[in-house]
Amino acid sequence: MSHASADDYRPGLEGVIASETAIANIEGADGAGGLEYRGYRIEDLAGHVSYEQTAFLLLHGELPNRQQLREFDARLRQARPIPEALVELYQRIPKSIHPMDVLRSSVSVLAHFDPDANAAPTDHAANVRKAERMIAQMATAVAARRRISQGLPLVAPRADLDHAANFLYMVHDKVPSEAMRAAFDLSLVLYTEHELNASTFAARVTVSTLSDIYSGIVSAIGTLKGPLHGGANEEAWKVLERVGSPENAEKWIQDALARKQRIMGFGHRVYKTGDPRATILKTHCRALAQEVGDDRWERIAEPIEQAVTSQKMLPPNVDWPSARLYHYMGLEIELYTPIFALARVAGWAAHVIEQLDHNRLMRPRARYIGPPHRPVKPIDQR
Ligand code: SDX
């Protein structure tokens, strides 16, 4: 048995290469950090390809041609309806339960009704079909639960709307403006994939035991929920609300940092000089603020960014602007992290399929720091 030496230990696996992947590269072309999906720079994809095209790229390895996109899109639209049993469950789950917890249960329930439920976990073609169904149905599930928890009638998916427009339509019972649809689609593209982040790693560890893709996605959802990861976009909005005005920003940040508080939406384990996704989303925040006629949150966000950057040298990450973007779309803050999951499921599934196609059980070691060897004493001598 290999005896891992103490100096192999990296807290939080920081900097450890735990997998090889052909899906995303966050080193950037010059190694200074940057995001590419299967060789395409995020700056070249964002605003030029839809979430559907991005999901196809991650699952199939290439951007689709027109025929492939038409067929893929038709499969997604056809798969959107969710089982009646899941809707009934939503009516029974207490309204106070967070949508991320409900989404975790929802994917488990969707697995039971998947036509490929009994396919072998390593069946590549079945895994792609399951991934497509999850992409389509998770969006319907999040919207349906939101409507039911608000006491509103369900809004059925519309086959004539694309993925982004259909989600906003199912939540609001109103077809979004083109600006809102395009901004939401862009946010999904930016959230789709990010190499071996905690939730993707959790999914890969899960299926490395030859467990199934649904179990991998449930692991990922549970991992994404945490405020150090996907839960940060919901927390980022609360920072904006607590600061409340541009004048408060400097002092509020100073006090928070003095209390060793983490400012949600800032910092990143890998990006130390800036998250390219945050830069892209910021321009869309300004445009939507103009469309809704309220630039208050942009005026509060700017001095917060300046204060965190100057006092802690921490740039904003993707969750910082996405919180404002979803606010402008009239989405409740509890939906922010579920939306992250709706986008990321394509990336998670691509990694799960890649892991299962070339699998090796993930089983790292731990450095033991507990009590030294000792004899067991009879209970009356303890
Ligand atoms: C996502 O990994 C991915 O790719 C994730 C993601 C994806 O697409 O999948 O990009 C999505 O999760 C983005 C990150 C969202 N999380 C947040 O916004 C939460 C707030 N940020 C942090 O908690 C933090 O920045 C992390 C967790 C994101 C990264 O932290 P690290 O790399 O573990 O850094 P660290 O905790 O070792 O901190 C280093 C120093 C510490 O200061 P000192 O104790 O050395 O004085 O930086 C400080 C930290 O206190 N620090 C912060 C901070 N982030 C780091 N201080 C205040 N506010 C922060 N946000």
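Numbers here are sequence positions counted from 1. We count ligands from 1, going down the list as the structure has it; atoms in each ligand are counted the same way. Computed over heavy atoms, backbone and side chain alike; hydrogens, waters and symmetry mates excluded. None of the values given here were measured: they were computed from a predicted structure.
Using a non-hydrogen distance threshold of 4.0 Å, Glu195 does not register as a contact of ligand 1. Using 4.0 Å as the threshold, Lys272 has a heavy atom nearer than that to some atom of ligand 1. Under the 4.0 angstrom criterion for non-hydrogen atoms, Asp275 is not in contact with ligand 1. Every heavy atom of Gly12 sits 4.0 Å or more from the atoms of ligand 1. Residue contacts with ligand 1: Glu193 is excluded, as none of its non-hydrogen atoms falls under 4.0 Å. Using a 4.0 Å cutoff on heavy atoms, Pro227 counts as a contact of ligand 1.
Annotation: Ala198 places no N or O atom under 3.5 Å from an N or O atom of ligand 1; distance criterion only. By the 3.5 Å distance cut-off applied to N or O atoms, Gly230 is not counted among the residues near ligand 1. Below 3.5 Å of separation, one finds an N or O of Arg277 facing an N or O of ligand 1.
In summary, the atoms of ligand 1 found under 4.0 Å from a heavy atom of Gly267, numbered by their order in the structure, are 25 (O), 28 (C). Close approach of ligand 1 to Ala232 is summarised as follows: ligand atoms under 4.0 Å from at least one heavy atom of the residue are 15 (C), 16 (N), 17 (C), 18 (O).
The closest non-hydrogen atom to atom 20 (C) of ligand 1, taken over Phe266, Phe201, Tyr271, comes from Phe266. Among Leu196, Ile26, Val308, Asn317, the residue whose heavy atom lies closest to atom 14 (C) of ligand 1 is Asn317. Summarising the contacts of atom 31 (P) of ligand 1 with His229, Arg269, Arg344, Lys312, the nearest heavy atom is found in Arg269. Among His268, Glu235, Gln261, Arg262, the residue whose heavy atom sits closest to atom 22 (C) of ligand 1 is Arg262.
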Where do Arg296 and Leu240 land on the side-chain contact (heavy atoms from CB on, under 4.5 Å) test, with the steps shown first?
CA-CA 10 Å; Arg296 175 183 170 214; Leu240 286 161; over 6 Å; no

Could you walk me through whether Glu354 and Arg204 pass side-chain contact (heavy atoms from CB on, under 4.5 Å), step by step?
CA-CA 9 Å; Glu354 184 179 68; Arg204 290 192 77 132; 2.7 Å; yes

What do the steps show when you test Tyr191 against Asp319 for side-chain hydrogen bond (donor to acceptor under 3.5 Å, both in side chains), and what is the final call?
CA-CA 9 Å; Tyr191 263 134; Asp319 293 322; 2.5 Å; yes

side-chain contact (heavy atoms from CB on, under 4.5 Å) between Leu224 and Trp348, worked out
CA-CA 11 Å; Leu224 185 73; Trp348 288 332; 3.9 Å; yes

Using side-chain contact (heavy atoms from CB on, under 4.5 Å), reason through Ser177 and Glu291 one step at a time and then give a plain yes or no.
CA-CA 10 Å; Ser177 70; Glu291 173 163 326; 2.9 Å; yes

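Taking a cutoff of 4.0 Å between a charged side-chain nitrogen and a carboxylate oxygen, Arg146 and Glu334 qualify as a salt bridge.
Among protein heavy atoms, the minimum distance from atom 54 (N) of ligand 1 is reached at Leu314 CD1, 3.8 Å. In terms of protein heavy atoms, atom 44 (O) of ligand 1 is closest to Lys260 NZ, 4.7 Å.
The closest side-chain donor-acceptor pair between Tyr328 and Glu298 falls under 3.5 angstrom. Checking His48 against Glu43 by side-chain atom types alone, no donor-acceptor pair falls below 3.5 Å. No hydrogens or angles considered: a donor-acceptor pair under 3.5 Å links the side chains of Gln67 and Glu71.
Within the structure, side-chain hydrogen bond (donor to acceptor under 3.5 Å, both in side chains) pairs that include any residue of residues 373-382 do not occur (at least two apart or interchain).
If you look at Leu228 next to ligand 1, the close heavy atoms, those under 4.0 Å, come from the backbone and the side chain alike.
A search for side chain to side chain donor-acceptor pair (under 3.5 Å) contacts involving Gln137 returns nothing, not counting sequence neighbours.
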